[in-house]
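Worksheet for the structure shown next.
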Amino acid sequence: MILWEALGSVLIGLAVSYGALRWLPARYGQFRPRSLALATGPAAALFGALIAHSVLGPGHTPAVLAVSLGVSVALLSLLVRQGEQPRRSATA
């Protein structure tokens with residue numbers, strides 16, 4: 001059962017990271033290197049699934065996958081870099 005949770009969480013992480021790179025509008029900013037974003041999604045989802053499985057125990061697969069989705073989205077949101085904003089000089 002834990003194998004399916006791990007596989008499902010990795011697939012969720014890949015889908016979230018690919019979707020964020022593909023469909024996130026440019027007005028929200030850009031991701032740092034694409035490879036970092038593609039690696040962070042599955043790793044964060046797997047970590048979230050591990051923590052959730054440790055806390056909830058076996059038999060709570062939908063909850064574990066939901067937690068892995070949340071952790072993946074949360075950590076990917078930390079990689080978003082704001083767009084270029086005009087700099088203000090110190091004398092202004």
Side-chain angles (χ1 to χ4, degrees):
M1 190 58 106
I2 193 167
L3 178 67
W4 293 112
E5 289 175 356
L7 182 62
S9 66
V10 168
L11 291 176
I12 286 172
L14 278 173
V16 166
S17 62
Y18 180 74
L21 287 172
R22 177 97 171 127
W23 291 296
L24 187 69
R27 69 176 178 267
Y28 292 128
Q30 297 295 323
F31 279 95
R32 289 181 168 85
R34 290 178 60 86
S35 59
L36 180 64
L38 286 173
T40 300
L46 190 60
F47 180 70
L50 174 70
I51 296 296
H53 184 82
S54 298
V55 170
L56 298 173
H60 295 86
T61 302
V64 168
L65 294 178
V67 169
S68 71
L69 173 68
V71 171
S72 178
V73 168
L75 285 181
L76 275 173
S77 72
L78 296 175
L79 295 178
V80 176
R81 177 178 48 196
Q82 292 297 323
E84 291 293 323
Q85 295 178 358
R87 293 187 176 191
R88 295 175 56 181
S89 69
T91 59

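With rounding to the nearest 0.5 angstrom, the CD1 atom of Ile2 is 12.5 Å from the CG atom of Leu7.
When the side chain to side chain contact (heavy atoms under 4.5 Å, CB included) test is applied to Ala63, the partners found at least two apart in sequence or on another chain are Leu56, His60.
With hydrophobic clusters built from ILVMFWY side chains whose heavy atoms lie under 4.5 angstrom apart, Val16 shares a cluster with Leu21.
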Per-pair distances, 0.1 Å, donor-acceptor, side chain in residues 67-79, under 3.5 Å, sequence neighbours excluded:
residue	atom	partner	partner atom	Å
Ser68	OG	Leu65	O	2.7
Ser72	OG	Gly41	O	3.3
Ser77	OG	Ala74	O	2.6

Can you list, pair by pair, the side-chain donor-acceptor contacts under 3.5 Å of residues 8-15, counting residues two or more places apart and other chains?
residue	atom	partner	partner atom	Å
Ser9	OG	Glu5	O	3.2
Ser9	OG	Ala6	O	2.8

